[in-house]
Amino acid sequence: MDDESFKKFPKGASVIRSGEIGDSMYFINNGVVKVLVEGREIDRLFTGDFFGEIALTLSENRIADVFAVGCADSKVDVRTVTEESATGDTVLFQLLRSDFEDIMNKFPVLKNRLSNIGL
């Protein structure tokens with residue numbers, strides 16, 4: 001894992017697509033993403049949240065579309081950021097399947113917990 005694991009996504013950029021084979025999960029380092037199922041927004045995730053764990057823990061295809069909303073000035077509550085008010089890119093940390101599997105081998109209880117969160 002290195003600096004290349006941090007990915008910037010501009011407003012509106014697709015991060016993951018439903019039906020894709022998942023080879024990574026993401027942690028939100030800074031910003032907001034929106035989660036859509038069948039074209040309908042079902043959730044927004046914020047700095048500190050993560051997504052994509054289902055594809056890694058259960059070896060299933062992606063079940064949702066996730067798009068970057070952006071980030072705002074540090075003085076703004078991240079939960080109020082919209083596509084219109086965002087001033088910068090969403091920054092995500094990408095954990096690849098190979099790194100994930102290394103971690104799960106060292107800490108199997110973590111895999112169990114992540115599987116339960118994804119259900």
Side-chain angles (χ1 to χ4, degrees):
M1 293 177 269
D2 52 32
D3 285 344
E4 292 180 9
S5 297
F6 287 94
K7 309 287 184 191
K8 290 184 177 184
F9 291 86
K11 292 187 257 186
S14 173
V15 180
I16 62 174
R17 290 283 194 182
S18 179
E20 291 178 335
I21 296 171
D23 64 349
S24 62
M25 67 180 288
Y26 296 88
F27 297 84
I28 304 174
N29 189 57
N30 188 13
V32 181
V33 298
K34 60 183 177 180
V35 181
L36 288 82
V37 173
E38 296 177 359
R40 193 170 45 95
E41 186 173 329
I42 62 161
D43 202 2
R44 286 205 175 209
L45 303 174
F46 308 95
T47 301
D49 290 333
F50 60 89
F51 59 94
E53 74 282 1
I54 294 172
L56 294 186
T57 57
L58 302 178
S59 297
E60 294 185 4
N61 290 357
R62 303 283 191 198
I63 62 169
D65 298 310
V66 178
F67 294 91
V69 173
C71 70
D73 184 304
S74 61
K75 297 174 186 163
V76 174
D77 179 1
V78 70
R79 296 184 188 281
T80 65
V81 174
T82 64
E83 289 86 341
E84 294 78 26
S85 68
T87 58
D89 296 338
T90 299
V91 181
L92 305 175
F93 176 81
Q94 181 182 34
L95 181 64
L96 298 174
R97 179 180 296 281
S98 57
D99 294 327
F100 177 80
E101 289 173 352
D102 288 344
I103 293 168
M104 293 305 104
N105 287 333
K106 292 177 186 168
F107 305 100
V109 72
L110 182 58
K111 182 175 185 177
N112 215 12
R113 290 185 71 191
L114 287 173
S115 293
N116 290 333
I117 290 170
L119 297 177

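Everything numeric here is computed off the predicted structure, so don't read it as measured data. For the numbers below, each heavy atom of this structure counts, side chains included, while hydrogens, waters and symmetry mates do not.
- Not counting sequence neighbours, the partners of Phe27 by the ring-ring contact (aromatic ring centres under 6.0 Å, His included) test are Phe50.
- Considering every non-hydrogen atom in both Ala68 and Pro10, the closest pair reads CB-O, 3.4 Å.
- Looking only at side-chain heavy atoms (C-beta outward), Leu95 and Ile103 come within less than 4.5 Å of each other.
- Contact between Cys71 and Gly31 at its shortest, heavy atoms only, is CB-CA, 3.6 Å.
- With rounding to the nearest 0.5 Å, the separation of NZ in Lys7 from OH in Tyr26 is 7.5 Å.
- Linking Ile, Leu, Val, Met, Phe, Trp and Tyr whenever their side-chain heavy atoms come within less than 4.5 Å puts Val69 and Phe46 in one cluster.
- We find the CG-NZ distance between Asp65 and Lys34 to be 10.5 Å, quoted to the nearest 0.5 Å.
- For the pair Asn29 and Thr47, the tightest heavy-atom approach, listed with the atom from each and the gap, is O-CG2, 3.3 Å.
- Atom CG in Asp49 sits 8.0 Å away from atom CG in Asp43 (nearest 0.5 Å).
- The hydrophobic clustering, which links ILVMFWY residues whose side-chain heavy atoms are closer than 4.5 Å, places Leu36 and Ile16 apart.
- Under the 4.0 Å criterion applied to side-chain N and carboxylate O atoms, Glu41 and Arg44 are assigned as salt-bridge partners.
- Phe67 meets the ring-ring contact (aromatic ring centres under 6.0 Å, His included) test with no other residue; sequence neighbours excluded.
- A donor-acceptor pair under 3.5 Å links the side-chain atoms of Arg62 to the main chain of Gly52, judged by distance alone.
- Panel note: side chain Glu101, backbone Ser98; no donor-acceptor pair is recorded below 3.5 Å.
- The cluster map of Ile, Leu, Val, Met, Phe, Trp and Tyr, joined by side-chain heavy atoms under 4.5 Å apart, puts Ile42 and Ile63 in different clusters.
- Looking at heavy atoms from C-beta onward, Phe93 lies out of side-chain contact with Ile28 at the 4.5 angstrom threshold.
- Cluster membership check: Val32 does not share its hydrophobic cluster with Val37, using side-chain heavy-atom separations under 4.5 Å among Ile, Leu, Val, Met, Phe, Trp and Tyr.
- A distance of 9.0 Å separates CZ of Phe51 from CE of Met25, quoted to the nearest 0.5 Å.
- Phe9 places none of its side-chain heavy atoms less than 4.5 Å from the side chain of Val66.
- A search for side chain to side chain contact (heavy atoms under 4.5 Å, CB included) contacts involving Asn61 returns Ile21, not counting sequence neighbours.
- The CG atom of Asp99 sits 6.5 Å away from atom OG of Ser5, with the distance rounded to the nearest 0.5 Å.
- Under the 3.5 Å distance criterion, with hydrogens and angles disregarded, a donor-acceptor pair is assigned to the side chains of Ser24 and Gln94.
- Distance NZ/Lys11 to OG1/Thr90: 10.0 Å, rounded to 0.5 Å.
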